[in-house]
**Q** 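The structure under discussion is supplied below as structure tokens; questions concerning it will follow.
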Amino acid sequence: MSSIQTDETLKSNLLRIDGRGYKAYKDIRGVYEFPEFTLFIDYVQGDPFASPSRMRVRVPQRIAQYPPETFATGSRRVGLENYLLVEFDRAIRQVAARRGSGKSGLMQIDAPGQEILERTAMRVTADFVEARFAIGLPAQGRRVLGRQAVAMLCEDLPQVVMSALRYARNNTKILHRFVAVNEDADYLRAQLSGRGLIAFIADGSILPRRSGVDDRPLTGDHVIAWQSPPELAVSFDLPNAGTVTGTGIPAGVTLIVGGGFHGKSTLLNALEQGVYNHRPGDGRELVVTDAGAVKIRAEDGRRVAGVDISPFINNLPFGLDTTRFTSDNASGSTSQAANILEALELGASVLLIDEDTAATNFMIRDRRMQALIAKSHEPITPFIDRVRQLYTEHGVSTILVIGGSGDYFDVADLVIGMESYRPQELTAQAKAIAEQFQTGRKPEGGDAFGEVQSRVPLPQSVDARKGRRDVSIKTRGQQVIQFGTETIDLSAVSQLVDVSQTRAIGDAIFYARERYMDGKRPLSQILDLVMRDIAKGGLDVLNGRPVSDYASFRKFELGAALNRLRSLRIKT
Ligand code: ADP
Ligand code: MG
């Protein structure tokens, strides 16, 4: 058993079990030395219809030969790995064939979407390149198709590996673009705060997407590329792209105004996604937002656990406590308040809000309404009375799409107007109008935002057990985690962009619970410890076995998932 197994061993084993029951495949688990790489068969599926088998290949750098500068830093390495995923995915599509019943013949790797995320499916080190993928082992009915398996594993796979995972066979121009683009975006994001900025949109960027379900760039003659208003133009010197010019959005309170259908939400969406880097050709390669930017929206119906929403909501009917607000069915305004305070609790630096998905009564209470409904009968202190305090007291900036209320002119540092998809600098004009037409509204809620409370989650309220299973964590698409018997709904968490992030977050909740939730540590610290472990040991720390489909995520989205766990309880 301890003797070295080779591709020849694998081949003869597969031929030997040809025609036997599917379970015979279980024997091929193990490690095989191919002439140019090592194949690890980590998990073998129980039948042709079950979730596919999981394998890894490792190509030594002696053969892969990636120049050290292509993976010398984290930014470059992740760019390179994403390129290799695209290549590997392309190569398996070329050889893919149906080879029998169920998933027979399937070859699948966790290829990237528009974002460049770190993925466990591909890893480049100084010693090797490792790809992790899924294979549907071929069967006829439930009988092993040994010859088909040999074709897949001993012929197609080596072909895929040798064409996708060797520098000599890669498209070096595209490879270097992935590396350069990712490095430039990370560099740019790291430069923002030193320049007093929270976001940058390079001239020439393409913001609109093809559709609500297709994240690729919109194409055609009618697409308008970003062109900065001269007043907001700033330049950066990037390591690869050289000098780039575009719009810098300074820290503070920024309004995006303009007529309906003029590109306001498109801009905000691009800023939301600017916490991630994007692949070459995406159009948003140089649309970069502060890493602490969090999209905030109303989310009625969500669960809220013990959040101090009193900066926004007070004196609820029946004396409900808003300093430890708990609800199984939060309203539009209370859910939006909770979303803000949860983001602040985790250290958000920028809030992104779109009127399209905000609760109107949370955003504004104008003079006439103040006259009709006395403050003593209105639990809500509207955002307009807190947005400046958030900046002055907590250093938290806001970018707000608001085409419907000019009351916000009074509290804005910057007003960007979108006119037929072209941005204009309208601050002075908006301020002059604010002078001319006073709103007459009285500020509400006092002159301080106050402290943001931190909460201590109770570990026993985070329970992954289900039936006889000690740990049952599943994802259903990008937006749902089945955690034990609980269903976590992430459909309103718009900065979660990839199902592989969702998968990793599901397991990270359990990891946080097992390692760091002790009934004493506050939530933010727990999540910091999880993120620290991942930064040190990679996403693999989340699981005992090598997982082929995790993607990197932020502390904020992990927190968002935990905060939406309906069983979550907070220490009182
Ligand atoms: P608003 O929020 O101002 O109502 P949207 O951002 O939703 O407007 O944009 C309206 C439509 O215009 C969308 O279908 C969007 O894809 C398209 N669009 C946005 N920006 C551009 C652009 N730069 N060029 C072409 N079409 C765009
Ligand atoms: Mg809109």
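Any value given below was found using the heavy atoms of this structure, including those in side chains, with hydrogens, waters and symmetry copies removed. In listed order, ligands and their atoms are each counted from 1.
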**Q** Is there a polar contact between ligand 1 and His262, counting only N or O atoms under 3.5 Å apart?
**A** yes
**Q** Considering Leu267, Ile224, Leu207 one by one, which has a heavy atom nearer to atom 24 (N) of ligand 1 than any of the others?
**A** Ile224
**Q** Between Thr172 and Asn170, does any side-chain donor sit less than 3.5 Å from a side-chain acceptor?
**A** no
**Q** Is the shortest N/O to N/O distance between Gly263 and ligand 1 below 3.5 Å?
**A** yes
**Q** Does any N/O atom on Thr266 come nearer than 3.5 Å to any N/O atom on ligand 1?
**A** yes
**Q** Considering only non-hydrogen protein atoms, determine which one is nearest to atom 12 (O) of ligand 1 and report residue, atom name and distance to 0.1 Å.
**A** Tyr421 OH, 2.8 Å
**Q** So which heavy atom in the protein is nearest atom 4 (O) of ligand 1, and how far is it from that ligand atom?
**A** Phe261 N, 2.6 Å
**Q** Non-hydrogen atoms of Gly259 versus ligand 1: any pair closer than 4.0 Å?
**A** yes
**Q** Could you check whether the rings of Phe312 and Phe449 sit parallel, tilted or perpendicular, using 30° and 60° as the cut-offs?
**A** perpendicular
**Q** Measure from atom 2 (O) of ligand 1 to every heavy atom in Ser265, Pro423, Ala270 and give the option owning the shortest one.
**A** Ser265
**Q** Write out all pairs satisfying ring-ring contact (aromatic ring centres under 6.0 Å, His included) with one or both partners inside residues 178-199, taking only residues at least two apart or from two chains.
**A** Tyr83-Phe178
**Q** Give the minimum heavy-atom separation between Ser567 and Glu486, together with the two atoms involved.
**A** CB-OE2, 3.6 Å
**Q** Run through the protein N/O/S atoms less than 2.8 Å from the Mg ion (ligand 2) and write them out by chain and number.
**A** Ser265 OG, Asp356 OD2
**Q** Looking only at protein heavy atoms, which one is nearest to atom 25 (C) of ligand 1, and how far off is it?
**A** His222 O, 3.4 Å
**Q** With a 4.0 Å cut-off on heavy atoms, is Gly260 in contact with ligand 1?
**A** yes
**Q** What heavy-atom pair brings Val294 and Ala348 nearest, and what distance separates the two atoms?
**A** CG2-CB, 3.7 Å
**Q** So which atom in Gln478 and which in Val497 form the shortest heavy-atom distance, rounded to 0.1 Å?
**A** OE1-O, 3.3 Å
**Q** Can you tell whether the side chains of Asp282 and Arg284 come within less than 4.0 Å, N to carboxylate O?
**A** yes
**Q** Taking N or O atoms only and a 3.5 Å limit, does Val223 qualify as a polar contact for ligand 1?
**A** no
**Q** Parallel, tilted or perpendicular: which fits the ring planes of Phe200 and Phe236, with parallel below 30° and perpendicular above 60°?
**A** perpendicular
